[in-house]
Novice: 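Before we start, here is the structure in question, set down as structure tokens.
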Amino acid sequence: MRVSKLFGKTLRDDPADAEVASHRLMLKAGMIHQAAAGIYSYLPLAWRSLRKIEQIIREEMDVAGGQEVRLSALQPRELWDASGRTEILGPQLFQLEDRRDRPLVLAPTHEELLLTMVKANVHSYRDLPMILYQIQTKFRDEPRPRAGLMRVREFDMKDAYSFDIDEDGLDVAYQAMVRAYRKIYARCGLDAIMVEADSGAIGGKDSHEFVLLADSGEDTVLLCEACGYAANAERAAFTKPPLPEEEPLPLEEVHTPGVTTIDGLAEFLGISAAKTFKAVFYMADGEFVFVAIRGDLDVNEVKLRNALAASELRLATPAEVESAGIVAGSASPVGLSGVRTVVDDSVHLGSNFVVGANRHDYHLRNANYPRDFKADMVADIALAEDGYICPSCDSRLKARRGIEVGHVFKLGTRYSEPFGAYFPDADGNDRPIIMGCYGIGVGRMLAAAIEQHHDDKGIKFPAPIAPYHASLVALNVADPEVVACAEDVYARLGEAGIEVLYDDRSETAGVKFNDADLLGLPLRIVVSARNLAQDAVEVKGRSESVAAAVPKADIVDRVREMLSGSYPQEAER
RNA sequence: CGGGGUGUAGCGCAGUUGGUAGCGCGCCACGUUCGGGACGUGGAGGCCCCGGGUUCGAGUCCCGGCACCCCGACCA
């Protein structure tokens with residue numbers, strides 16, 4: 001491709017509305033165009049890269065035994081009404097009507113439709129196991145699109161679904177998908193780590209996320225360098241430091257004027273926050289819930305939601321707290337009745353806690369569970385944070401930000417049962433299909449790759465997903481010899497199957513070099529009068545600082561060598 | 001949905017007490033240059049986000065919308 005003909009122009013100034021690197025660089029390099037918040041079009045450069053990512057995913061899905069399907073994006077809303085997800089998804093679901101006022105939705109995911117197809121086509125245990133996948137556009141009206149391609153409302157996603165007769169089969173499929181995912185990221189030149197994840201509202205048991213560590217990421221993950229434990233913060237467990245066991249002392253009221261916070265309370269009484277118990281109030285599916293946790297810990301709302309099996313969870317408003325008869329600032333589980341109470345299991349790790357007295361300016365010393373208060377539920381609802389103790393060894397966890405680029409779930413019968421996806425087993429008994437689902441965001445992969453591979457000059461594309469393999473820069477196109485050589489090199493590389501972006505524009509060296517660095521193809525080949533004097537052209541890797549002079553005749557071999565050398569996993573294939 | 005910010009040329013921005021819009025980059029033409037965002041000369045390019053209002057007169061003041069960005073809430 002000649003740059004003079006390429007659709008898409010680079011920008012000299014940084015676009016004002018882009019803060020994260022991938023967004024800024026893709027706009028600046030002329031790769032993407034924004035239509036509205038979280039809605040982007042892809043220009044040729046981005047689209048080439050995305051297609052390469054898709055192709056890598058497709059190949060690995062096929063190796064893992066997947067069959068590609070293509071499902072309709074426009075779907076009747078009644079399908080979603082039937083699964084109850086019209087309501088669950090709420091405003092996130094794009095809805096429209098056809099000319100006869102029939103309600104339709106733009107599919108945010110495809111479980112519903114796929115299940116109806118599976119029901120129609122799976123008639124026996126002999127049809128299983130099976131893996132289906134699709135790579136196509138999904139629509140979600142996100143509350144807050146952000147960071148360029150990182151979180152958008154229209155996006156391409158690979159979704160795979162496994163269908164098995166039993167849990168053992170699911171385990172096999174799950175492991176095959178995990179292996180495929182690891183290969184996909186490796187082939188794309190991405191350093192993704194697998195972390196334990198919450199399965200969220202999609203349900204199911206085991207769940208893992210694939211995460212690229214990056215400060216611009218939306219997720220927080222906790223990692224243990226010593227034993228390899230890795231989990232999303234929503235899911236992460238940790239060892240809660242125990243307090244010395246004390247003889248239970250009698251409950252005793254203490255005057256605490258003006259004290260309404262845990263820090264204030266600890267300071268006032270000269271004790272550590274861990275010796276206190278704090279109260280937090282939530283509304284879970286409309287029901288008021290009193291939550292208590294040791295003063296040094298914070299509530300993990302995802303764990304709490306799971307413990308309560310609630311679909312909607314939010315902090316209670318001050319008015320709701322008051323109408324529940326709670327004295328905010330001195331709230332206490334002691335003497336509480338008629339309110340659902342959840343207590344973190346840290347209640348077992350200590351004694352003689354200081355709690356509120358349900359009376360302004362008073363707290364209670366020496367509260368002990370279960371002597372002084374009851375709970376409807378005791379569970380781990382604590383949020384893991386940086387520096388906490390690893391749950392599987394005694395090292396410290398590190399908190400890092402990351403970009404979620406893949407998520408795998410063991411769904412079990414979560415969808416097959418309600419959708420009636422049953423099959424007769426060898427004994428003729430109907431059994432629900434055991435399912436797994438496995439997603440990768442294609443556009444987010446591209447954004448994440450750029451987050452992970454860039455410098456102050458621009459992108460540094462991993463070769464397998466670069467829009468082209470090399471930039472060919474002709475310096476001074478007014479010089480006929482330079483042009484002749486560049487054309488010759490362009491033609492020969494093209495014949496050798498190497499994808500070259502040929503900068504044939506009448507621009508100065510600085511402009512061309514800067515644009516080449518900005519787009520960040522793996523190699524840069526320069527043809528100039530200076531090199532031509534030695535019958536050479538020069539080749540430089542995007543990350544290298546000095547270029548190598550290569551005899552003109554050797555250029556094809558040399559480029560091939562350098563491309564395979566930088567990505568051995570590609571060369572092996 | 002709450003908080004903050006921004007809407008003026010393709011991009012980045014300025015615009016004074018209200019007086020009919022400018023700079024840089026980019027773009028077009030010609031010439032000189034030619035290894036890290038060159039230079040000269042000449043040009044083109046505007047629904048000042050939208051709608052009301054005040055005023056002789058509004059990019060500017062007032063009211064009401066909308067859009068986009070950031071933080072938070074939310075996020076199969």
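Atoms considered below: every heavy atom in the structure, side chains included; atoms not considered: hydrogens, waters and symmetry mates. Throughout, a chain's letter reflects where its sequence line sits, starting with A, and its residues are numbered from 1. Predicted model, so just to flag it, every value in this text is computed and none were measured.
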Novice: Which word best sums up how the rings of A:F210 and A:Y185 line up, parallel for under 30°, tilted for 30 to 60°, or perpendicular for over 60°?
Specialist: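 Geometry flag for A:Y185 against A:F210: tilted rings.
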Novice: Can you list everything that forms a side chain to side chain donor-acceptor pair (under 3.5 Å) with A:D504? Sequence neighbours excluded, please.
Specialist: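 Residues passing side chain to side chain donor-acceptor pair (under 3.5 Å) with A:D504: A:S4.
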Novice: Specify the residue among A:V20 and A:L518 whose closest nucleotide of RNA chain B lies further upstream toward the 5′ end.
Specialist: A:L518
Novice: Rounded off to whole Å, could you give me the CG-to-P distance for the A:D215 and B:rC71 pair?
Specialist: 13 Å
Novice: Looking only at heavy atoms, which two atoms of A:F461 and A:S49 are closest? And how far apart?
Specialist: CE2-OG, 3.7 Å
Novice: Starting at the 5' end of nucleotides 31-36 of chain B, put B wherever the base has a protein heavy atom under 4.0 Å, S where only the sugar-phosphate does, and a dash everywhere else.
Specialist: ---BBB
Novice: Find the distance A:E209:CD to B:rC75:C1' and express it as a whole number of Å.
Specialist: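 To the nearest whole Å, that distance equals 12 Å.
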Novice: Taking ring-ring contact (aromatic ring centres under 6.0 Å, His included) as the definition, give me every residue that meets it alongside A:Y490, ordered by chain and number, with sequence neighbours left out.
Specialist: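 Partners of A:Y490 by the ring-ring contact (aromatic ring centres under 6.0 Å, His included) criterion, ordered by chain and then number, come out as A:Y502.
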Novice: What are the two closest heavy atoms between A:V477 and A:R505, and how far apart are they?
Specialist: CG1-O, 3.6 Å
Novice: Would you call A:D298 and A:K278 a salt bridge, using N to O less than 4.0 angstrom?
Specialist: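 Salt bridge present between A:D298 and A:K278.
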Novice: Is any side-chain N or O of A:R144 closer than 4.0 Å to OP1 or OP2 of B:rC71?
Specialist: yes
Novice: Considering only the C1' atoms, how many Å lie between B:rU32 and B:rG46, rounded to the nearest integer?
Specialist: 33 Å
Novice: Please report the distance, rounded to the nearest Å, between NZ in A:K9 and C1' in B:rC11.
Specialist: 14 Å
Novice: Scan the side chains in residues 519-530 of chain A for donor-acceptor partners under 3.5 Å anywhere in the protein, sequence neighbours excluded, and list what turns up.
Specialist:
unit_1 : atom_1 : unit_2 : atom_2 : d
A:S528 : OG     : A:N531 : N      : 3.3
A:S528 : OG     : A:N531 : ND2    : 3.1

Novice: Is A:E218 touching bases, backbone alone, or none of the nucleic acid, heavy atoms closer than 4.0 Å?
Specialist: nothing
Novice: For A:E487, is there an ion pair with A:R2 - N to carboxylate O distance below 4.0 angstrom?
Specialist: yes
Novice: Pair up each side-chain donor or acceptor in residues 434-450 of chain A with any protein partner under 3.5 Å, not counting sequence neighbours, and list the distances.
Specialist:
unit_1 : atom_1 : unit_2 : atom_2 : d
A:Y438 : OH     : A:S162 : OG     : 2.7
A:R444 : NE     : A:M150 : O      : 2.8
A:R444 : NH1    : A:E404 : O      : 2.9
A:R444 : NH2    : A:M150 : O      : 3.2

Novice: Give the dot-bracket line for RNA chain B from 5' end to 3' end: parentheses for intra-strand Watson-Crick or G-U pairs under 3.5 Å, square brackets for crossings, | for inter-strand pairing, dots for unpaired.
Specialist: (((((((..((((.....[..)))).((((((.....)))))).....(((((..]....))))))))))))....
Novice: Check the phosphate of B:rC69 against A:Q34, side-chain N and O only, distance under 4.0 Å to OP1 or OP2. Yes or no?
Specialist: yes
Novice: Counting distance alone, no hydrogens or angles: does the base of B:rG26 have a donor or acceptor under 3.5 Å from a partner atom on the side chain of A:D13?
Specialist: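 A donor-acceptor contact between them is absent.
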Novice: At less than 3.5 Å, do the side-chain atoms of A:R151 and the base atoms of B:rC75 form a donor-acceptor pair?
Specialist: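 Between B:rC75 and A:R151, which were checked side chain against base, a qualifying N/O pair under 3.5 Å is present.
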Novice: Using a heavy-atom cut-off of 4.0 Å across all strands, would you classify A:D479 as base, sugar-phosphate, or nothing?
Specialist: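 Counting heavy atoms under 4.0 Å across all strands, no contact is made by A:D479.
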